[in-house]
Amino acid sequence: ALQNYILSMDQFMLALYDYPAEIRRFLNRLSDWVVEIIVRAAEAGATVAFLQDDYGGNGHPLISPKMWRELTFAHLKRFAAVAHEAGIPLMLHSCGYQMPFLQSYVEAEIDVLQSFQPKAGNDFAAAFRQYGSRLAFATGIDVQQGEWLSAQEVRQGIIDSVEIGKQTGRHILAMTHMMQYTMPIENVMAIFDTVQELQEQVTIPAMI
């Protein structure tokens, strides 16, 4: 995703095969730039490093997990190490299907994954059961499927997510995408009412 500022997605994908050595050099330089941003942000008072880099589509990764591991993993691990050395956690935003990457995120010592979209095929219960003691998830308010669910279904989905996340406390209740104008107003109200109700019952971190 970061490379999209310089290359379009299709250009980047083709370059992975046509110019692999050049792409590796580019990613190394990009990694140096990201590291500098993390360090300077921490020095300026940032309390978390937030990295946006999408790896998944609907039901599948954008590239093979093997290629992703070869090209991206070492950089992620470096970013986490730099953030931790600076005294702040690293939160990774990655849209789409994330299940194949979770073990690597844990190995890289990423602190929080956001946004973990159910619509893309992610299974929060299964992922949290396996990784919830080592990786925090910022998710649980499904604003994508919430556009066609009933208000009660939206409410129940939030409650179910909190029930899953409270097992280890490594859960930040957060929206799975940007809320769109097409969200029915009754579902919007259900989101806010449910979050407020839950916060009155128990202290939960929320990002809405």
Side-chain angles (χ1 to χ4, degrees), residues 46-59 61 76-77 79-80 83-84 87-180 183-184 186-208:
T47 57
V48 60
F50 185 57
L51 174 68
Q52 300 184 63
D53 208 13
D54 295 339
Y55 305 135
N58 284 324
L76 273 184
K77 189 173 179 64
F79 300 153
H84 296 161
I88 58 176
L90 178 68
M91 176 185 286
L92 170 67
H93 163 87
S94 187
C95 283
Y97 189 54
Q98 297 296 302
M99 302 297 283
F101 304 109
L102 297 179
Q103 180 60 41
S104 293
Y105 294 159
V106 169
E107 292 176 28
E109 298 186 329
I110 289 171
D111 298 286
V112 186
L113 174 63
Q114 188 273 332
S115 55
F116 213 65
Q117 302 156 306
K119 185 180 178 183
N122 296 306
D123 186 334
F124 181 42
F128 202 82
R129 185 164 55 248
Q130 187 168 1
Y131 299 104
S133 63
R134 294 169 290 171
L135 177 66
F137 292 79
T139 190
I141 303 174
D142 190 352
V143 295
Q144 292 177 296
Q145 297 182 125
E147 292 193 350
W148 59 78
L149 296 175
S150 69
Q152 179 57 36
E153 287 172 324
V154 170
R155 168 184 166 79
Q156 191 59 51
I158 295 172
I159 293 172
D160 291 345
S161 295
V162 170
E163 284 296 313
I164 293 168
K166 74 179 185 181
Q167 298 172 36
T168 68
R170 289 178 177 268
H171 177 219
I172 301 170
L173 185 60
M175 294 192 297
T176 59
H177 203 271
M178 294 177 289
M179 188 180 295
Q180 304 296 313
M183 175 72 76
E186 59 270 21
N187 290 10
V188 174
M189 296 308 301
I191 290 171
F192 283 96
D193 290 346
T194 305
V195 171
Q196 182 176 7
E197 178 185 325
L198 290 169
Q199 287 181 318
E200 290 173 353
Q201 295 174 4
V202 61
T203 301
I204 57 170
M207 295 171 58
I208 60 172

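Nothing fancy with the numbering, it's 1 onward along the sequence. Quick caveat: nothing in here was measured; it's all calculated off a predicted structure.
A ring-ring contact (aromatic ring centres under 6.0 Å, His included) check over residues 139-161, counting only residues at least two apart or in different chains, returns nothing.
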For this session: Any chance you could lay out the side-chain contact (heavy atoms from CB on, under 4.5 Å) test for Ile191 and Val143, step after step, and finish with the verdict?
Result: CA-CA 9 Å; Ile191 290 171; Val143 295; 4.1 Å; yes
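Proximity of Leu76 to Leu51: side-chain heavy atoms (C-beta onward) are separated by under 4.5 Å at one or more points. You'll find the side chain of Asn122 reaches within 4.5 Å of the side chain of Met99, heavy atoms only. Residues Leu102 and Gln130 fail the side-chain proximity criterion, which asks for heavy atoms closer than 4.5 Å. Within the 4.5 Å cutoff, no side-chain heavy atoms of Ile172 are placed close to those of Gln114. Side chains of Tyr131 and Gln103 form a contact here, defined as non-hydrogen atoms less than 4.5 Å apart.
From Ile141, atom CD1 reaches atom CZ of Phe192 across 8.0 Å, with rounding to the nearest 0.5 Å. Between atom OG1 of residue Thr139 and atom NE2 of residue His171 there is a gap of 6.0 Å, rounded to the nearest 0.5 Å. Here Lys119 contributes atom NZ and Cys95 contributes atom SG; the two are 11.5 Å apart, rounded to the nearest 0.5 Å. To the nearest 0.5 Å, atom CE of residue Met183 and atom CD of residue Gln144 are 9.0 Å apart. Taking OG1 of Thr168 as the reference point, atom CZ of Phe128 lies at 3.0 Å (rounded to 0.5 Å). For the atom pair Asp123 CG and Arg129 CZ, the distance stands at 7.0 Å (nearest 0.5 Å).
A donor-acceptor pair under 3.5 Å links the side-chain atoms of Gln180 to the main chain of Met178, judged by distance alone. The closest donor-acceptor contact from the side chain of Gln196 to the backbone of Asp193 lies at 3.5 Å or more, if one exists at all. Under the 3.5 Å distance criterion, the side-chain polar atoms of Asp111 are matched with a main-chain donor or acceptor of Leu90. A donor-acceptor distance shorter than 3.5 angstrom exists from the side chain of Asn187 to the backbone of Leu149, with no hydrogens or angles considered.
A pairwise comparison of heavy atoms in Phe116 and Thr176 identifies O-CG2, 3.9 Å as the closest pair. Across every non-hydrogen atom of Ala120 and Gly57, the tightest pair is CB-O, 3.9 Å. Contact record, Pro184 with Gly146: CD-O, 4.3 Å, taken as the closest heavy-atom pair. Scanning both residues, Pro89 and Thr47, for their nearest heavy atoms gives CD-O, 3.2 Å. Here the closest heavy-atom approach between residue Val188 and residue Met179 is recorded as CG2-SD, 3.7 Å. Ile110 and Leu135 get closest at one heavy-atom pair: O-CD1, 3.5 Å.
The salt bridge (Lys or Arg N to Asp or Glu O under 4.0 Å) search around Glu163 returns Lys166, not counting sequence neighbours.
Ring-plane geometry between Phe101 and Tyr55 is classed as tilted, the angle between the planes lying from 30 to 60 degrees on a 0 to 90 degree scale.
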